[in-house]
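Everything below concerns the one structure shown next.
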Amino acid sequence: AKRLEEVWLSGDPFPVILPRSSQALFLLLRIRDEAHRFAITYHRKRRESLTSRLDGIPGVGPARRRKLLREFGSLQGVGSASLEQLRAVVPDAVAEAVFQSLRDTEHDDGDQPRG
């Protein structure tokens with residue numbers, strides 16, 4: 001028995017049935033794979049450019065960067081944290097450096113990611 005693939009189209013109540021050996025199915029799979037590759041590459045690049053903003057701050061290395069991101073959820077969360085909230089997570093001098101650095105960046109580029 002030949003395996004068949006179901007392709008669901010938006011708004012249609014029933015799937016289009018394609019045989020595994022179909023050229024149309026092969027094309028759809030290649031389009032899907034390329035879309036996934038593109039999305040993964042984009043998100044990796046974006047994540048690298050965003051987290052690098054923390055890396056340039058004195059006293060913030062990989063461990064403190066992870067700790068800050070885990071505590072506040074994202075770079076935006078770290079940037080919107082109060083100085084007191086930052087001091088609860090990292091030493092005072094580092095908290096002040098993070099607070100000042102991310103505030104300066106917000107004013108420089110209108111909250112746009114760098115990279």
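Bear in mind that the values here come from a model prediction, so they are computed numbers and not experimental data. Numbering starts at 1 and runs along the sequence shown.
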Of all residues at least two apart in sequence or in a different chain, which pass the side-chain hydrogen bond (donor to acceptor under 3.5 Å, both in side chains) check with [X]?
X     : answer
Glu34 : Arg37
Arg87 : Glu96
Ser82 : Gln85
Glu71 : none

So which heavy atom on [X] is nearest to which on [Y], and how close?
X      : Y     : value
Pro91  : Arg64 : CG-NH2, 3.4 Å
Leu75  : Leu69 : N-CD2, 3.6 Å
Ser101 : Ile57 : OG-CG1, 3.5 Å
Pro58  : Ala97 : O-CB, 4.1 Å
Trp8   : Pro13 : CZ3-O, 3.4 Å

Item to check | Partners passing side chain to side chain contact (heavy atoms under 4.5 Å, CB included) against Ile17 (at least two apart in sequence or in another chain) | outcome: Leu4, Glu6, Pro15
What is the distance from atom [atom1] of [X] to atom [atom2] of [Y], rounded to the nearest 0.5 Å?
X     : Y     : atom1 : atom2 : result
Phe72 : Lys67 : CZ    : NZ    : 10.0 Å
His36 : Asp33 : NE2   : CG    : 7.5 Å
Asp92 : Glu84 : CG    : CD    : 10.0 Å

Checklist entry - Hey, are the side chains of Leu68 and Leu86 touching, using non-hydrogen atoms and a 4.5 Å cut-off? => result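 Result yes, sub-4.5 Å side-chain heavy-atom pair found.
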Next on the checklist: Are Leu102 and Leu54 packed together at the side-chain level, in the sense that at least one heavy-atom pair is separated by less than 4.5 angstrom?
Outcome noted: yes
Checklist entry - Which residues, ordered by chain and number, are linked to Leu9 in its hydrophobic cluster, where ILVMFWY side chains connect at heavy-atom gaps below 4.5 Å, directly or through other members? => result Val7, Val16, Leu18, Leu25, Leu28, Leu29
Checklist entry - Any sub-3.5 Å donor-acceptor pair from Arg65's side-chain atoms to Asp55's backbone N or O? => result no
Next on the checklist: Working note: Val90 + Val60, criterion side-chain contact (heavy atoms from CB on, under 4.5 Å); need CA distance, chi angles, decisive distance, verdict.
Outcome noted: CA-CA 9 Å; Val90 294; Val60 178; over 6 Å; no
Checklist entry - For atom CZ of Arg32, is the number of surrounding heavy atoms from other residues, nucleotides or ligands below 6.0 Å larger than 12? => result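 Yes - once you tally the heavy atoms of other residues, nucleotides and ligands closer than 6.0 Å, there are more than 12.
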